[in-house]
Amino acid sequence: MSELNNNENNDILLSVKDLYVEYTSDKKIIHAVNGVSFDIKKGKTLGLVGETGAGKTTIAKSIIGILPVPPAKLKSGEIYYEGQEITKLNEKEMSHIQGEEISMIFQDPMTALNPTMTVGAQIADGIALHENLSKVDSIKKAKQMLELVGIPSERFTEYPHQFSGGMKQRVVIAIALACNPQLILADEPTTALDVTIQAQVLELIKDLQKKQETSMLLITHDLGVVAQTCDDVAVIYAGEIVESGDKYEIFDHPSHPYTLGLFGSLPNMVKKGEKRLHPIAGMMPNPSNLPGGCKFHPRCPYATEECTQDIPELKNIGGTHACRCIHAGNLVRTDETNEETKEG
Ligand code: SF4
């Protein structure tokens, strides 16, 4: 994966270029997305990883055209789907892309489903709208979709409250996949589920993705989910991509201090005697008052004076691997603990 995009590359389904999105709240400008660029290849999954508030969901909403405008504003940037710039499309043109070409799996199945409609009707409605099928055929396909996600079609006439959390998320996935979209935007699709169900739902998404050759943008804060599901990874912090590359480059050679911090926050099941976690100190900066220089410098254990002034660029550090850090490859701890030196 590269920040440098090329629309003429036939392998690329979606290309986001230099996207800036702001919100206005209490007369303050909230800088949610600050110059994000990435590509999603056909049939592949890109994991967008970061903490809550990093701008991940805003990016997904920008792609599928459901940003709440106002208070949100797509300030600048372009989004190409199959080579077509989609940010300039009107509501009617965009409605053909939503659901048919690009669909979204929302984080919380409780709020994604309508409690007053049967699950079957909710799946069939989308099919009837986008696929121009008769009512009978829409119902038939909706029942097939239920079976596909592991729910007996006899439960077509039941309501969301009659399903468990994991089953509800399966219904949400059935709705998202019903019209064979080319791209799924999955926003923390397993976060609201029990750990045991999470693995099942991830397997299901992967399976269906393979069968339908769908591409996916998987939004998550969970590196375990990324390891299981993604081909490429983009780590996002304060509305900027700070590190990107294919999964193996990121997992084998994490290079940005924030990515190192994310890995350090995970329990180490391999290294004996390594019981301490090393969480990232501090909090995500206020997006209405972002720090100057490198946005990560107030939390970075490797920060130098230079980092408070200079704005780092996302630079290629080998292969498809890119990192936004002035000291990438030559990190020396500068915090009081001075525990380690990392040369990457
Ligand atoms: Fe840390 Fe400086 Fe690199 Fe930013 S540029 S991540 S503050 S070392």
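It should be emphasised that the depicted structure is a prediction, and the values quoted were computed from it without experimental measurement. One-based numbering, in listed order, for ligands and for the atoms of each.
For atom 2 (Fe) of ligand 1, protein N, O or S atoms closer than 2.8 Å were enumerated as C307 SG, with waters left out.
Applying the side chain to side chain donor-acceptor pair (under 3.5 Å) test between E243 and each of H321, H256, R324 identifies H321 as the sole match.
By the 4.5 Å heavy-atom criterion applied to side chains, N330 and Y302 are not counted as neighbours. For the pair Y248/H253, no side-chain contact is recorded, criterion being any heavy-atom separation below 4.5 Å from C-beta on.
With sequence neighbours excluded, the residues satisfying ring pair (Phe, Tyr, Trp, His ring centres under 6.0 Å) with F251 are F263.
The part of H256 lying near ligand 1 is the side chain, judged by heavy-atom distances below 4.0 Å.
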Report task. Decide yes or no on side chain to side chain donor-acceptor pair (under 3.5 Å) for E188 and H221, but give the supporting numbers first. Result -> CA-CA 8 Å; E188 305 265 12; H221 61 273; 3.1 Å; yes
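With respect to D231 and K41, no salt bridge is recorded, no charged nitrogen being found less than 4.0 Å from a carboxylate O.
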